[in-house]
Visitor: 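Got a structure for you, questions after.
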Amino acid sequence: MKAMFNTSYSQNLFHLWLFVYRVTLSIFMLTHGLPKLKMLMSWHDVQFIDPIGLGPLFSLILVVFAEFFCSVLIILGLATRFAAIPLIITMLVAVFIFHGSHPFDVKEVGLLYLLSYITLLITGAGRLSFDYLIRKK
């Protein structure tokens, strides 16, 4: 009975959960990034938002870099903290600039992504990652 209510910290469980968390989060983000990558591949007729005045094509390139390529890096646990930074910036722009005048329910998903990427910036990828293997050597 005592073991069932054990509230002690488990490093193994923490690192396993961090792995599941970052992979799942990144797969979710890839569902946003993959369509934009396909849009970029047909760049001759880019119809994309330009919320900070960089031009539609350059804005699309930056978002594809963050949402697709940085998500792949986070899945691998490779340069995780660095890969989180473009995603944090992308979510800040999406929530506070692009959706700035929209109601909270429209911003909610972006805010959850933002908090998630800030969490990865703080925690890193954990032991089940290429970052850990590289750092260990």
Side-chain angles (χ1 to χ4, degrees):
M1 184 85 164
K2 191 175 185 180
M4 184 172 33
F5 296 107
N6 185 353
T7 59
S8 64
Y9 176 76
S10 167
Q11 282 228 350
N12 291 336
L13 188 57
F14 172 77
H15 290 285
L16 177 62
W17 176 249
L18 198 51
F19 170 77
V20 170
Y21 177 75
R22 73 167 208 272
V23 169
T24 304
L25 175 68
S26 296
I27 289 170
F28 288 171
M29 183 52 73
L30 282 174
T31 66
H32 298 278
L34 190 57
K36 292 174 183 130
L37 177 62
K38 289 178 182 178
M39 185 187 313
L40 182 61
M41 300 305 263
S42 63
W43 63 273
H44 60 278
D45 189 29
V46 171
Q47 300 292 319
F48 193 71
I49 59 164
D50 184 23
I52 54 177
L54 299 173
L57 180 60
F58 192 63
S59 293
L60 179 61
I61 290 169
L62 291 175
V63 170
V64 167
F65 172 74
E67 291 183 359
F68 185 81
F69 293 103
C70 290
S71 291
V72 171
L73 289 173
I74 289 174
I75 287 172
L76 296 173
L78 184 61
T80 303
R81 286 187 166 118
F82 292 114
I85 293 169
L87 285 156
I88 289 169
I89 294 167
T90 300
M91 292 302 102
L92 285 169
V93 170
V95 169
F96 295 109
I97 297 175
F98 182 69
H99 292 298
S101 62
H102 296 143
F104 176 76
D105 63 328
V106 175
K107 299 175 189 180
E108 187 174 6
V109 173
L111 288 168
L112 288 170
Y113 275 119
L114 176 62
L115 288 173
S116 297
Y117 291 122
I118 291 171
T119 299
L120 285 178
L121 180 67
I122 293 167
T123 63
R127 272 193 250 148
L128 301 173
S129 67
F130 282 105
D131 286 346
Y132 180 77
L133 293 174
I134 291 167
R135 188 176 66 239
K136 191 177 173 184
K137 290 183 180 185

Visitor: Are the side chain of S129 and the backbone of G126 linked by a donor-acceptor contact shorter than 3.5 Å?
Guide: yes
Visitor: Which value, rounded to the nearest 0.5 Å, describes the distance between I27 atom CD1 and T31 atom OG1?
Guide: 10.0 Å
Visitor: Could you check M39 against L60 for side chain to side chain contact (heavy atoms under 4.5 Å, CB included), going step by step and ending with a plain yes or no?
Guide: CA-CA 9 Å; M39 185 187 313; L60 179 61; 4.0 Å; yes
Visitor: Show your reasoning for whether side chain to side chain contact (heavy atoms under 4.5 Å, CB included) applies to L92 and L114.
Guide: CA-CA 7 Å; L92 285 169; L114 176 62; 3.8 Å; yes
Visitor: Would L112 and F96 show up in the same hydrophobic cluster when neighbours are defined by side-chain heavy atoms closer than 4.5 Å?
Guide: no
Visitor: Between E67 and T90, which heavy-atom pair has the shortest distance, and what is it?
Guide: OE2-CG2, 3.9 Å
Visitor: Closest approach of I74 and L87, non-hydrogen atoms and distance?
Guide: CD1-CD1, 3.6 Å
Visitor: From F65 CZ over to L37 CG, what is the distance, rounded to the nearest 0.5 angstrom?
Guide: 13.0 Å
Visitor: Is F48 close to L57 at the side-chain level, that is, under 4.5 Å between some pair of heavy atoms?
Guide: no
Visitor: OH/Y113 to CD1/I88 distance, rounded to the nearest 0.5 angstrom?
Guide: 14.5 Å
Visitor: Counting only heavy atoms from other residues, nucleotides and ligands, does the tally under 6.0 Å from CZ of F14 exceed 12?
Guide: yes
Visitor: Does R81 use its side chain to pair, donor to acceptor, with the backbone of I122 at less than 3.5 Å?
Guide: yes
Visitor: Evaluate Y117 against I85 for side chain to side chain contact (heavy atoms under 4.5 Å, CB included), listing each step before the verdict.
Guide: CA-CA 8 Å; Y117 291 122; I85 293 169; over 6 Å; no
Visitor: Over 60° means perpendicular and under 30° means parallel, so tell me whether Y21 and W17 are parallel, tilted or perpendicular.
Guide: tilted
Visitor: Is the closest side-chain heavy-atom distance between M91 and M29 below 4.5 Å?
Guide: yes
Visitor: Please name the pair of heavy atoms, one in I134 and one in L78, separated by the smallest distance, quoted to 0.1 Å.
Guide: CD1-CD1, 3.7 Å
Visitor: Rounded to the nearest 0.5 Å, how far does SG of C70 lie from CD1 of I89?
Guide: 9.5 Å
Visitor: Do you know the tightest heavy-atom contact between A125 and D131?
Guide: CB-OD2, 3.9 Å
Visitor: Any non-hydrogen side-chain atom of F68 less than 4.5 Å from a side-chain atom of H32?
Guide: no
Visitor: Do you know the tightest heavy-atom contact between L30 and P35?
Guide: O-CD, 4.2 Å
Visitor: Within a strict 4.5 Å, meaning less than it, do heavy atoms of the S26 and V23 side chains meet?
Guide: no
Visitor: Do the side chain of K36 and the main chain of V63 share a donor and acceptor less than 3.5 angstrom apart?
Guide: no
Visitor: Could you see if I61 belongs to whatever hydrophobic cluster contains F69? Use Ile, Leu, Val, Met, Phe, Trp, Tyr and a side-chain cutoff under 4.5 Å.
Guide: yes
Visitor: May I ask you to test the L18-T123 pair for a side-chain heavy-atom distance under 4.5 Å?
Guide: yes
Visitor: Answer with yes or no whether the hydrophobic clustering places L13 together with L120; edges join I, L, V, M, F, W, Y residues whose side-chain heavy atoms lie under 4.5 Å apart.
Guide: no
Visitor: Keeping H15 on the side-chain end and R127 on the backbone end, is there a donor-acceptor pair under 3.5 Å?
Guide: yes
Visitor: Tell me whether L25 is reachable from V20 by hopping between hydrophobic residues (I, L, V, M, F, W, Y) whose side-chain heavy atoms are closer than 4.5 Å.
Guide: yes
Visitor: Do F28 and L34 belong together in a cluster built from hydrophobic side chains that touch within less than 4.5 Å?
Guide: yes
Visitor: Do you know the tightest heavy-atom contact between S59 and L54?
Guide: OG-CB, 4.0 Å
Visitor: Checking L111 against F104 for the side chain to side chain contact (heavy atoms under 4.5 Å, CB included) test, could you report, in this order, the C-alpha distance in whole Å, the side-chain angles of both residues, the deciding distance, and whether it holds?
Guide: CA-CA 9 Å; L111 288 168; F104 176 76; 3.6 Å; yes
